[in-house]
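Shown next, in structure tokens, is the structure this report addresses.
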Amino acid sequence: MHSYEPMDHLKLISETCMLQHVRAAARRLTEHYETILQPTGLTASQFTTMVATARAKGAPISFLAERLDMDRTTMTRVIGPLERRGLVATLPDKDDKRLRRLMLTDEGRALLTEAEALWDRAQDKMLEKITPDDWADLRGQLATRTP
């Protein structure tokens, strides 16, 4: 264990804290993508939820929440505005009425197609800042769960 003067230790924390720096970067990334997605009226969370929903084709909400690394309460808050806009629909499972499955509506699929083109722009702009190999390495590191 290192011995630090209190102010030196606080300086060390503020300058090197992985949590602080990654969260700040995440806020900047979110702002970047949401600015470009603005014409669709989707937040970054709503967009990624719609992408996961389209790919999972009627998966239970709990599956989507796990796939997006969200708790169920957060997932429900993300889905609410999408349902009110008529972009997604929740349907009971035909075999287990306790399960709710999420589906894109026709309007949701159309908006997602529009949003994909905007996402391409946002993604391309971000990828200008990092090499493909570094991005692949970073994705792998970010995907690793810590104990």
Side-chain angles (χ1 to χ4, degrees), residues 1 9-147:
M1 174 107 185
H9 193 241
L10 294 177
K11 180 180 180 194
L12 174 74
I13 292 169
S14 69
E15 291 177 0
T16 65
C17 179
M18 189 177 298
L19 173 65
Q20 175 186 335
H21 289 277
V22 170
R23 290 187 74 176
R27 285 189 293 273
R28 289 190 303 272
L29 280 168
T30 299
E31 181 181 6
H32 169 72
Y33 282 84
E34 287 185 349
T35 297
I36 292 176
L37 288 169
Q38 194 170 23
T40 66
L42 295 172
T43 66
S45 292
Q46 290 169 343
F47 173 75
T48 57
T49 297
M50 288 181 67
V51 168
T53 300
R55 291 191 65 216
K57 297 181 178 130
I61 292 173
S62 56
F63 171 84
L64 293 166
E66 185 177 322
R67 179 173 223 147
L68 293 170
D69 210 5
M70 284 186 201
D71 61 55
R72 199 167 152 72
T73 304
T74 302
M75 182 61 128
T76 300
R77 280 197 312 268
V78 171
I79 292 170
L82 297 173
E83 283 185 305
R84 286 190 292 279
R85 285 181 66 186
L87 302 174
V88 300
T90 53
L91 307 168
D93 184 271
K94 64 181 179 183
D95 298 321
D96 183 348
K97 299 299 181 205
R98 295 170 298 170
L99 283 179
R100 293 181 344 167
R101 295 184 174 276
L102 194 63
M103 301 284 294
L104 291 183
T105 63
D106 291 342
E107 294 85 6
R109 279 188 291 282
L111 186 65
L112 183 56
T113 298
E114 177 186 335
E116 284 178 70
L118 296 171
W119 177 87
D120 287 340
R121 281 188 22 224
Q123 184 79 352
D124 289 346
K125 187 76 172 161
M126 293 313 301
L127 290 176
E128 290 174 3
K129 301 173 186 276
I130 189 168
T131 70
D133 287 343
D134 286 344
W135 176 224
D137 289 345
L138 181 58
R139 277 195 330 268
Q141 291 171 19
L142 293 172
T144 304
R145 289 195 178 268
T146 56

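Keep in mind that what you see is a predicted model, and the values were worked out from it rather than measured.
Under the 30°/60° scheme for interplanar angles, the aromatic rings of F47 and W119 are found to lie parallel.
Atoms CG and CG, on D106 and L111 in that order, are 12.5 Å from each other to the nearest 0.5 Å. Annotation: the span from L138 atom CG to D133 atom CG amounts to 12.5 Å, rounded to 0.5 Å. Separating the CD atom in Q123 from the CH2 atom in W135 is a distance of 6.5 Å, to the nearest 0.5 Å. Here the CG-OG1 distance, from D69 to T74, works out to 10.5 Å after rounding to the nearest 0.5 Å. Rounding to the nearest 0.5 angstrom, the gap separating the NZ atom in K94 from the CG atom in L99 is 13.0 Å. Taken to the nearest 0.5 Å, the CG atom of L142 stands 11.0 Å off from the CG atom of D137.
Other residues, nucleotides and ligands contribute only 12 or fewer heavy atoms inside 6.0 Å of the CZ atom of R98. More than 12 heavy atoms of other residues, nucleotides or ligands lie within 6.0 Å of CZ in R109, so this atom counts as buried by the packing criterion. In this structure, E31 places its CD atom where only 12 or fewer heavy-atom neighbours from other residues, nucleotides or ligands lie under 6.0 Å away. Atom CD of Q38 has 12 or fewer neighbouring heavy atoms from other residues, nucleotides or ligands inside a 6.0 Å radius.
Of the possible polar contacts, none joining the H32 side chain to the K125 backbone as a donor-acceptor pair under 3.5 Å is found. Checking side-chain atoms of T105 against main-chain N and O of G86 turns up a donor-acceptor pair under 3.5 Å. E34 places no side-chain N or O within 3.5 Å of a backbone atom of T43 that could act as its donor or acceptor partner. Under the 3.5 Å distance criterion, the side-chain polar atoms of E83 are left unmatched by any main-chain donor or acceptor of G80. Under the 3.5 Å distance criterion, the side-chain polar atoms of R85 are matched with a main-chain donor or acceptor of G41.
Under the 4.5 Å side-chain criterion, counting only non-hydrogen atoms from C-beta, L64 is in contact with T53. With contacts defined as side-chain heavy-atom distances shorter than 4.5 Å, the pair L68/M75 qualifies. By the 4.5 Å heavy-atom criterion applied to side chains, L42 and L87 are counted as neighbours. Residues T113 and E116 form a side-chain contact, since some pair of their non-hydrogen atoms from C-beta on lies under 4.5 Å apart. Residues Y33 and M126 meet the side-chain proximity criterion, which asks for heavy atoms closer than 4.5 Å. Under the 4.5 Å side-chain criterion, counting only non-hydrogen atoms from C-beta, T49 is in contact with M70. A heavy-atom distance below 4.5 Å is found between the side chains of R67 and R55. Between R72 and S62 the shortest side-chain heavy-atom distance falls below 4.5 Å.
When each of D93, D96, D95 is paired with R101, the salt bridge (charged side-chain N to carboxylate O under 4.0 Å, His left out) condition holds for D93 and for no other.
Between L104 and A54, the closest heavy-atom pair is CD1-CB, 3.5 Å. Scanning both residues, Q46 and P81, for their nearest heavy atoms gives NE2-CB, 3.4 Å. S45 and V78 get closest at one heavy-atom pair: O-CG1, 3.8 Å.
Judged by distance alone, the side chains of S14 and Q20 never bring a donor and an acceptor atom under 3.5 Å apart.
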